[in-house]
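Input: a single structure, listed below in C-alpha cells.
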Amino acid sequence: MRVIGLAGWSGAGKTTLMARLLPELGARGVSVSTIKHAHHRFDIDTPGKDSWVHREAGARQVLVSSENRWALMTELRGAPEPGLRALLAQLSPVDLVVVEGFKRDRHPKIEVHRAANAKPWLHPEDPAIRAVASDIRPAGLPWASLDDIGAIAELALRHAAPLESW
C-alpha cells in the first residue's frame, strides 16, 4: 500500500477535496481507503459527517481517529491514541491510503490551502509536504488548483509512497 496525506488548516477544504478526489481515483482503477484524524469526540457514519462523506465517495474502508477513540470501532478508554503507522496496520490492503489530517506526521503530504482562510502555509516548515492544492500558486512546489481534481489525483499518485519509505 502507498500513502499520501491531505494536510491543511481547518476550513481549507480537505474533506470537500477528499469527496471529489476519491471518485476520480476510483475511476482510474485505484482502490482507496482513508484515515481521518479528528481533534474531538466524534460519532461514526452520521450523514453529512466526514466519515460518511468518505464512505459515500467510494472508500472501501474508513478509519477515523482522535485522542478519545479510533474507529473501525475501538474505544480507547484512556489509552493513548495510536499513531498513524499503527492505524495503517488496521486496514486491509488497497492501492492507496489517503490520510486526512495528521499534519505533523512524516508521511508524504499534499498541502490543502485556501487564501481566504488567512492561515500560514505549512510547507515551509514541513519537508514531508511534496505538493500543494490551493487557490493560489506557491513558490517551489508542484501545484494544482483546488478545482482541478484530475491534476490533484496525478499529484497524489505521483507523490504517494510505501509505508516503509518514510
Side-chain angles (χ1 to χ4, degrees), residues 1-26 30-114 117 119-123 125-131 133 146 149 152-153 155-157 159-166:
M1 289 193 308
R2 296 183 326 135
V3 177
I4 190 71
L6 298 180
W9 298 105
S10 178
K14 296 180 301 293
T15 301
T16 300
L17 176 56
M18 183 80 81
R20 296 178 67 202
L21 181 61
L22 292 173
E24 174 69 21
L25 292 167
V30 179
S31 61
V32 182
S33 289
T34 65
I35 294 181
K36 159 74 175 158
H37 189 262
H39 295 284
H40 46 75
R41 293 184 170 265
F42 60 88
D43 290 319
I44 296 299
D45 224 30
T46 303
K49 293 292 186 178
D50 294 348
S51 60
W52 184 87
V53 170
H54 290 198
R55 186 179 55 78
E56 288 295 309
R60 292 187 184 179
Q61 286 185 304
V62 178
L63 194 151
V64 182
S65 179
S66 80
E67 65 184 284
N68 298 313
R69 71 182 67 91
W70 66 271
L72 303 156
M73 192 51 100
T74 299
E75 289 291 329
L76 295 176
R77 304 211 188 276
E81 178 183 357
L84 181 56
R85 286 180 182 273
L87 296 171
L88 285 163
Q90 301 300 314
L91 296 175
S92 298
V94 291
D95 298 324
L96 182 66
V97 177
V98 183
V99 177
E100 182 182 336
F102 290 93
K103 69 179 172 238
R104 304 283 183 231
D105 278 54
R106 296 177 188 232
H107 62 288
K109 295 179 278 278
I110 297 170
E111 179 173 358
V112 181
H113 182 86
R114 189 173 302 280
N117 223 11
K119 297 283 189 179
W121 291 102
L122 297 174
H123 67 267
E125 304 299 322
D126 186 351
I129 293 176
R130 307 284 201 265
L146 284 170
I149 300 305
I152 296 169
L155 290 174
L157 293 170
H159 295 286
L163 178 63
E164 305 80 34
S165 70
W166 48 272

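- You'll find the side chain of L91 reaches within 4.5 Å of the side chain of I35, heavy atoms only.
- Side-chain atoms of L146 and R114, non-hydrogen and from C-beta on, do get closer than 4.5 Å to each other.
- The number of heavy-atom neighbours closer than 6.0 Å to CZ of R85, taken from other residues, nucleotides and ligands shown, is above 12.
- Contact between N117 and A12 at its shortest, heavy atoms only, is ND2-N, 3.4 Å.
- Applying side-chain contact (heavy atoms from CB on, under 4.5 Å) to I149 and the options L22, L25, L17 leaves one that passes, L17.
- Nearest heavy atom pair, residue G48 against residue V53, reads O-CG2, 3.9 Å.
- If you take NZ on K36 and OG on S66, they are separated by 10.5 Å, rounding to the nearest 0.5 Å.
- Classified by interplanar angle (parallel below 30°, tilted 30° to 60°, perpendicular above 60°), the ring pair H37/F102 is perpendicular.
- Nearest heavy atom pair, residue K14 against residue W9, reads NZ-O, 3.2 Å.
- The shortest side-chain heavy-atom distance between I4 and L157 does not fall under the 4.5 Å cut-off.
- Checking side-chain atoms of T34 against main-chain N and O of V62 turns up no donor-acceptor pair under 3.5 Å.
- Nearest heavy atom pair, residue A153 against residue E24, reads CB-CG, 3.7 Å.
- We find the CD1-CE distance between I152 and M18 to be 12.0 Å, quoted to the nearest 0.5 Å.
- Taking both residues in full, the closest heavy atoms of V64 and S51 are given as CG2-CB, 3.7 Å, listed atom of the first, atom of the second, then distance.
- Side-chain N or O atoms of E111 include one that pairs as donor or acceptor with a backbone N or O of H123 at under 3.5 Å.
- A donor-acceptor distance shorter than 3.5 angstrom exists from the side chain of R130 to the backbone of P127, with no hydrogens or angles considered.
- Between R104 and L122, the shortest heavy-atom distance links the atoms NH1-CD2, 4.4 Å.
- No donor-acceptor pair closer than 3.5 Å links the side chain of T16 to the backbone N or O of G13.
- Counting heavy atoms from C-beta on, the side chains of V94 and V30 never come closer than 4.5 Å.
- Counting heavy atoms from C-beta outward, V3 and V99 have side chains that approach closer than 4.5 Å.
- A donor-acceptor pair under 3.5 Å is formed between the side chain of R2 and the backbone N or O of A160.
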